[in-house]
Amino acid sequence: MGDLSFEVNEGETVGIVGESGSGKSVTALALLNLISPPGEIRAESQIVFFGEDILRADTKTLRKIRGGQIGIIFQNPAASFNPVLTIGSQIDETLRAHRPVSRNEARKTSIDTLSKVGLPHPETVYSSFPHSLSGGMQQRAAIAMAIVANPQLLIADEPTTALDVTVQAQIIQLLRDLTDASETALIIISHDLGVINQIADRTIVLHRGQLVEDAPTRQLIEQPHHPQSALLVQAAPTTAPKFGETS
Amino acid sequence: MRSFRWVPVTLFVLFVVVRAGRIGDLLSTGTFVEQTLVALTFTLLAAIIWLTITPWPEVLSKFFKPFDVRIASLVLGAIMILAVFAPIASGHHPNTQLDLVNGQLLPPSLAHPFGTDFVSRDLWSRVLFGARVSLMIGVLAVTMAITIGTMVGMAAGYFGGWVELVLMRLVDAGLSIPRVFWLLVIVSLWGTTDIYVLILIIGLTGWFSTSRLVRAEVLRIREEDFVVAARGLGISEAGIVIRQILPNVVPPIIVNATLGIGQVILVEAGLSFLGFGVQPPWPSWGTIIQDGSARIIAAPWIVTVPGVAIALTVVSLAILGDRLQTTLNPRDSAQF
């Protein structure tokens, strides 16, 4: 991947879009210093979060930022939960890693969060195992796990790609509600400009590991500057052609 | 309830520790209190296996569905109960020479269901008490082996680098020498073949393959998305090892242990047969076979009975281990 530089302001929703292999997910992992060898982030790089350089933070600070101040949601909700532990115990664990709460308080907060992400019967979900939930429910639970400690920034790496279209729309709506209700900033990563368009204030276009455009979403879609952005805009399905109309 | 899982586990560990100091007592007929304690060991062992598989309670009914699994559990259960209640069920002290004049090498009869041996000891009593020794050596040696194997395997798999290099070459070295040679060398260097020593050396030579298995599992699980997710959500490394990786390694370890107990019983029988195991006059299945081997033509029942007992136990354990392997796989049980 090449050089990449961008910023996200408090409460802002930024979309990162690009074709596959353009470095979207690597960017998400890099933001939390989760790149595993042989991959590496060049030594002179900087990722600054509220004045703290994530790449140079010690283990303890890093752990506090991960999950506590930056939450992350992964593409495949089934894989982001440990199959042998209940949903609830995993959300509790995340919360207790960041907030000094008792088991009972953690349980209560976790159940509250589960209902906040729109899961019916949060108590049942709390004591369920991941495999007994549907993909959409798993992704909601994953969002609950990411936001349980009230992070200031949420990173969603292709949060809807593994889901079908109707569920996709619900998850986008949920992310929008959550970020609107609080001062949480959101970085949403997708290959689908349609998804980005529904939620992001500003969009960054990646192409072969390079940032090629960084513009307000509306402007990007109406007047893309870079040829790659134009390609992506063309590729996104817009409204269906009217009956009888030929393209 | 889940958070109280550690209670039975701790009790069991404490109990084994306390018990291990007095394993010699197992060989005596003992008091009622002591029998209760032995019964408790097995109950707790069952409770631990139960608690380990609670995440999928449906599995339990599924587990016992196949016919061979039911037979195997019945056989193993019967052997365990008979072993635990040996002083009550046996009728004779296993070492008493009942009637040296007229009672030698008696064939099976109502008074002696399995006959008597060449010094007129009741074979039924000896086999029951032998079961205690053989099963106890099996359980404790395997517990030890899988504990060491799991720790080594987890360390090697998780930390990688030179830790892995050193540990795994050590394991390779251990595996390159046949286990019986290891055991014979250690036994002859040690001098005594006390039952504790026997458990210790069987345990110490049994962890190599477990550690390889655990390492392979850890290498696989370490790369799973949920481990990255946990790290991304700020869970500490220790938390990841204990909460994310260990529970996923437990199923293969349980399977490994089940099969391991059968193996250890065979190893102990082999050692005892060679005269390095449990020392006479105390019975283990291996020593009874050794006793009987000299009179295999005149009194074939002496070698047959413990031989069949060993075979039944090992086969039952293998069937159960096999079944555990299929049911404990989360991907399989997800289909239930």
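In what follows, chains carry the letters A, B, and so on, assigned in the order in which the sequence lines appear, proteins first and then strands, with residues in each chain numbered from 1.
To the nearest 0.5 Å, the span separating CD1 on A/I73 from CG on B/L233 amounts to 9.5 Å. Taking OG of B/S236 as the reference point, atom NZ of A/K60 lies at 12.0 Å (rounded to 0.5 Å). Of the inter-residue distances, the one linking A/R63 atom CZ with B/R231 atom CZ reads 11.0 Å to the nearest 0.5 angstrom.
Looking only at side-chain heavy atoms (C-beta outward), A/P130 and B/F226 stay at 4.5 Å or farther from each other. Between A/L29 and B/V228, some side-chain heavy-atom pair lies under the 4.5 Å cut-off. For the pair A/P83 and B/E224, the minimum side-chain heavy-atom distance is 4.5 Å or more.
Residue contact with chain B, scored on non-hydrogen atoms closer than 4.5 Å, involves the side chain of A/L34 exclusively. When heavy atoms are compared at a cutoff of 4.5 Å, A/F74 approaches chain B solely by way of its side chain, counted from C-beta outward.
Applying the salt bridge (Lys or Arg N to Asp or Glu O under 4.0 Å) rule to pairs touching residues 139-158 of chain A yields A/K24-A/E158, sequence neighbours excluded.
Between the side chains of A/N82 and B/N248, at least one donor N or O lies within less than 3.5 Å of an accepting N or O.
In terms of heavy atoms, B/I235 sits closest to A/A97 at CD1-CB, 4.1 Å. Here the shortest heavy-atom pairing between B/R243 and A/L85 reads O-CD1, 3.3 Å. Nearest heavy-atom pair across B/A229 and A/S80 is CB-O, 3.8 Å.
For CZ of A/F50, the number of neighbouring non-hydrogen atoms (other residues, nucleotides, ligands) closer than 6.0 Å is greater than 12.
Partners of A/A30 by side chain to side chain contact (heavy atoms under 4.5 Å, CB included), not counting sequence neighbours, listed by chain and number: A/I35, A/I41.
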